[in-house]
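Below is one structure; the comments refer to it alone.
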Amino acid sequence: METGDLSERLRSHDPAVGLRAVGALHRLAEQVETAAVARARQQGWSWEQIGDALGVSRQSVHTKHGK
């Protein structure tokens with residue numbers, strides 16, 4: 001789904017269309033977060049630094065991404 005298409009779907013008056021768009025946004029955000037965390041770790045960032053940047057605890061981000 002392209003960004004413009006997603007933007008249109010989010011403005012839809014049909015709840016089913018809007019909710020599917022929200023689901024797509026959640027999946028996209030998870031993918032972007034995973035990639036950003038991986039880059040940060042590759043560059044030597046600590047779990048605390050990453051957690052601070054995401055607004056969560058280091059334990060939370062490590063539990064989610066520390067494989």
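What's counted below: heavy atoms across the whole structure, side chains too, no hydrogens, waters or symmetry copies.
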Checklist entry - What's the verdict on side-chain contact (heavy atoms from CB on, under 4.5 Å) for Gln49 and Arg58, showing C-alpha distance, side-chain angles and the deciding distance? => result CA-CA 8 Å; Gln49 288 173 302; Arg58 67 179 172 82; over 6 Å; no
side-chain contact (heavy atoms from CB on, under 4.5 Å) assessment of Arg11 paired with Ser7: CA-CA 7 Å; Arg11 289 190 303 270; Ser7 179; 2.7 Å; yes
For Val17 and Leu10: C-alpha separation, side-chain torsions, deciding distance, then whether side-chain contact (heavy atoms from CB on, under 4.5 Å) applies.
CA-CA 7 Å; Val17 172; Leu10 286 168; over 6 Å; no
Evaluation steps, side-chain contact (heavy atoms from CB on, under 4.5 Å), between Ile50 and Val56
CA-CA 8 Å; Ile50 296 168; Val56 299; over 6 Å; no
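Here NE2 of His62 is found 13.0 Å from CD of Glu48. Values are rounded to the nearest 0.5 Å.
Across all their heavy atoms, Arg27 and Arg20 have their closest contact at NH2-O, 4.3 Å.
Judged by distance alone, with hydrogens and angles left aside, the side-chain atoms of Gln31 form no donor-acceptor pair with the main-chain N or O of Leu28 at under 3.5 Å.
Under a cutoff of 6.0 Å and an axis angle of 45°, Arg41 and Trp47 form a cation-pi pair.
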